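Keep in mind that what you see is a predicted model, and the values were worked out from it rather than measured.
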Amino acid sequence: MTQGESSIMNGSKRNASTLQHSILLMAVAATALGQTLVFTLLPSLGRATGMAEMEVGLIISCSSLIFALASPVWGTVSESLGRKSVLVIGLTGYSVGTLLFGLVFHAGLNGWITGAVLVAGLVLSRMLQAAIMAATPAAAAAYTADITTPEQRTQGMGRIGAANNLGTVIGPVSGGVLAAVSLVFPLYAVSVITGLMAITTAMFLPPSPQVRSQRTMNLRQTLKKGLGAYADPRLRDLLMTGVMLFMSFALIQQTLGFLFQDHFHMSPQDSARMLGLTMMAAAITSLSGQIIVVQWLRAPAVLLIAMAVPAIGAGAVLLWVVESQLLMSAAVLLVGLGLGFGMPAIMSLASLRVSHEEQGRVAGLASACPALGFILGPLVGTGLYTLDHRWPYLLVMALMLPLSLLAWRLVRRS
């Protein structure tokens, strides 16, 4: 082979790698955009349709439970069906599910359905969406494990986290602008965006270099293998750490919109806009921390977890004591920074603890951590909020004690 031919081949490999990373990160960003937009709009949509705070929390908690159960199962499916196919399934499910969710809210806003029927319709549509959309994060993380070496794993998962934060930045901004048309219009826009991303992934994403499992499993075997990841002793401490990190975030995110409305006497539209800007700023902080600390300084995963805990704890303390809207927003920036450190660290450590053949299942488990945190977070947070507006943040402060112990054990183990 001549030197020129070798250069052409190396250039083709680099271009293929760039294409893989670009489409993969775009898929993650599109999903994160939709998730953040929904979370930002929910308090305002709930109030506009006459729902109580705990009913809004119930929507997120029920869908998060389904997501947590489905995520490791989809990761297992990706080992035989292929990462790309599972990614396309997840994006398609997200698009269709968001459209259905938006239609139910549209009916509620127009008074066509109300009360328990409206709540049941929203919970059911969101649960159906979660059952399929769980495929996307699991397949994206497994795909990343396939195309990175162990030495590159933390940085690779950091790129997934950065793409997630990019979507989180764009989501609130676009949601605030589109909500000027109507509160439910941003949901229709998300459905279109993720649908287009599903088509793009199907047409242009190269197949993962994984060696697919030749073993065929029926539904029962697939469920058993996927859900069995929760009982894996190798991953127990990481799972507990991830769940508490995201539960802390959920407690804050799902009550802050109500706090803005009640404490500062904002309208639902103004509250949605302010919460969106706050979450966008938190995502920018998280994204900046990931770029500087994870990508440039290449901080080890255990150090990232050790940095995440005090950042989230400091944010909760500020939310507990301050009265200023500016300082409350600054507190959320600290929480976003902590989450930005913690998420790629959990995914990287989980991936490094298992063999190549288990990457799909474990990627699904790691991707389930946000959903597991959002099972109890919104429900407990909104319940505490009805008793006292600051109690959710007191609970986040209390969660920092076991989190500190887990972080210390992870550092010692490494």
Check: Can you name the residues that form a side chain to side chain contact (heavy atoms under 4.5 Å, CB included) with Leu124, not counting sequence neighbours?
Finding: Leu128
Item checked: Residue pairs fulfilling salt bridge (Lys or Arg N to Asp or Glu O under 4.0 Å) with at least one residue in residues 133-155, sequence neighbours excluded -> Arg83-Asp146
Next item on the list: With sequence neighbours excluded, give me every salt bridge (Lys or Arg N to Asp or Glu O under 4.0 Å) pair touching residues 358-368.
Entry: Asp232-Arg361, Arg234-Glu358, Glu358-Arg361
Notebook entry, point to check: With sequence neighbours left out, which residue pairs that include part of residues 101-113 fulfil the side-chain hydrogen bond (donor to acceptor under 3.5 Å, both in side chains) condition?
Noted result: His106-Asn110
Next item on the list: Name all residues meeting the side chain to side chain contact (heavy atoms under 4.5 Å, CB included) criterion together with Ala140; count only those two or more places apart in sequence or in a different chain, and write none if there are none.
Entry: Leu24, Val28, Leu87, Ile160
Next item on the list: Return the set of residues passing ring pair (Phe, Tyr, Trp, His ring centres under 6.0 Å) with Phe101 (not counting sequence neighbours), or none when no residue passes.
Entry: Phe105
When the side chains of residues 329-348 are checked against the rest of the protein, which donor-acceptor pairs come out under 3.5 Å, sequence neighbours left out?
residue	atom	partner	partner atom	Å
Ser329	OG	Thr278	OG1	3.4
Ser329	OG	Gln325	O	3.1
Ser348	OG	Thr154	N	3.4
Ser348	OG	Thr154	OG1	2.7

Notebook entry, point to check: Listed by chain and number, what are the side chain to side chain contact (heavy atoms under 4.5 Å, CB included) partners of Leu399, not counting sequence neighbours?
Noted result: Met244, Met247, Ser248, Leu251
Margin query: Does anything in residues 49-67 form a salt bridge (Lys or Arg N to Asp or Glu O under 4.0 Å)? List the pairs, not counting sequence neighbours.
Written below: Arg47-Glu53
Pairs of donor and acceptor atoms involving the side chains of residues 365-379, under 3.5 Å and at least two apart or interchain, shall be tabulated with distances.
residue	atom	partner	partner atom	Å
Ser367	OG	Pro137	O	3.3
Ser367	OG	Ala363	O	2.8

Next item on the list: Please list, chain by chain and in numerical order, all residues satisfying side-chain hydrogen bond (donor to acceptor under 3.5 Å, both in side chains) with Ser286, sequence neighbours excluded.
Entry: Asn165
Item checked: For Thr36, all residues meeting side-chain hydrogen bond (donor to acceptor under 3.5 Å, both in side chains), sequence neighbours excluded -> Thr168
